[in-house]
Participant: 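Dropping the structure in here first, questions after.
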Amino acid sequence: MFIEKEFFVGLRDLEKGNKLSNTALLAYLEDTAGAHSNIVGYGLNDIAKVRRTWVLLGWKIKMFSRPIYTRKFKNKDMVKENR
C-alpha cells in the first residue's frame, strides 16, 4: 500500500543554500507516515480504541536532489504486508 503527499518548502525548512534541511525532511516523512497510519486505522486518535500502534523498523530514502525554497516536492510512503 502506498500513500503520496505533496509538500511546499517554506522558510522554516531551510539550511545553507536555501535547501531543505534534514530536520525538515524528517518532519515531512513523519507527517506522511502519520497520514498512512490514519488510513489503515492506527492513527493517533485510534490508539486508545484499537490498543495498537505502529513501529518503524526500517526505511529507504531516495533523494534525487534536495528541494529548495518555494519548491514543491512529493513524498511516497509504502507499507509492506507483514504476515
Side-chain angles (χ1 to χ4, degrees):
M1 172 188 272
F2 288 93
I3 183 172
E4 185 173 278
K5 289 189 71 166
E6 186 172 78
F7 296 100
F8 176 83
V9 180
L11 286 171
R12 71 171 189 268
D13 304 325
L14 302 178
E15 66 178 16
K16 186 177 178 181
N18 292 340
K19 295 181 180 181
L20 182 70
S21 71
N22 290 336
T23 303
L25 173 63
L26 289 175
Y28 287 130
L29 294 175
E30 181 180 35
D31 287 347
T32 305
H36 205 157
S37 294
N38 285 331
I39 289 170
V40 298
Y42 295 106
L44 186 60
N45 294 325
D46 301 311
I47 292 172
K49 180 176 68 177
V50 297
R51 298 177 58 129
R52 293 188 181 166
T53 188
W54 58 273
V55 176
L56 178 65
L57 297 175
W59 59 358
K60 184 176 185 180
I61 298 174
K62 285 186 182 179
M63 184 177 275
F64 301 104
S65 64
R66 194 170 286 267
I68 60 172
Y69 180 55
T70 71
R71 295 285 168 87
K72 293 180 182 177
F73 70 97
K74 293 181 182 178
N75 178 27
K76 186 183 281 189
D77 184 44
M78 179 193 73
V79 172
K80 291 184 182 179
E81 289 287 327
N82 190 13
R83 294 181 185 222

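Computed from a predicted structure; not experimentally measured.
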Participant: Compare all side-chain heavy atoms of N22 with those of R66 and state whether any distance is below 4.5 angstrom.
Facilitator: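 Side chain of N22 against side chain of R66, heavy atoms only: contact under 4.5 Å found.
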Participant: Report the distance from atom OG1 of T23 to atom CG of D13, rounding to the nearest 0.5 Å.
Facilitator: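 Atom-to-atom, T23:OG1 and D13:CG are 10.0 Å apart.
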Participant: Which residue pairs pass the salt bridge (Lys or Arg N to Asp or Glu O under 4.0 Å) test with at least one member in residues 18-37, sequence neighbours excluded?
Facilitator: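 Sorted result for residues 18-37: empty, none.
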Participant: Using the rule side chain to side chain contact (heavy atoms under 4.5 Å, CB included), only one of E15, K16, R12 pairs with S21; which is it?
Facilitator: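 Only one option passes, and that is E15.
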Participant: Report the C-alpha distance between N18 and V9 in whole Å, list the side-chain angles of each, state the deciding distance to 0.1 Å, and finish with yes or no for side-chain contact (heavy atoms from CB on, under 4.5 Å).
Facilitator: CA-CA 9 Å; N18 292 340; V9 180; over 6 Å; no
Participant: A side-chain contact here means heavy atoms from C-beta on lying under 4.5 Å apart; do L20 and L14 qualify?
Facilitator: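 The answer is no, as the side chains (C-beta and beyond) never meet within the 4.5 Å cut-off.
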Participant: How many angstroms lie between atom CZ of F7 and atom CG of L29, to the nearest 0.5 angstrom?
Facilitator: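 Result: 8.0 Å between the selected atoms.
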Participant: Nearest 0.5 Å, what's the CD1-OG distance between I47 and S37?
Facilitator: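 So the gap between those two atoms works out to 8.0 Å.
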Participant: State, with a plain yes or no, whether a side-chain heavy atom of L44 is found less than 4.5 Å away from one of T53.
Facilitator: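 A side-chain contact under 4.5 Å is absent here.
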Participant: Can you get from M63 to F8 by hopping between Ile, Leu, Val, Met, Phe, Trp and Tyr side chains that sit under 4.5 Å apart?
Facilitator: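 As far as the 4.5 Å side-chain criterion goes, F8 and M63 are not connected within one cluster.
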Participant: Name every donor-acceptor pair, under 3.5 Å, that has one atom in a side chain of residues 67-78 and the other anywhere in the protein, sequence neighbours excluded.
Facilitator:
| from | atom 1 | to | atom 2 | distance (Å) |
| --- | --- | --- | --- | --- |
| N75 | ND2 | T32 | OG1 | 2.7 |
| D77 | OD2 | H36 | ND1 | 2.6 |

Participant: Would you confirm whether Y42, through its side chain, and V50, through its main-chain N or O, come within 3.5 Å as a donor-acceptor pair?
Facilitator: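 Between the backbone of V50 and the side chain of Y42 there is no qualifying donor-acceptor contact (under 3.5 Å).
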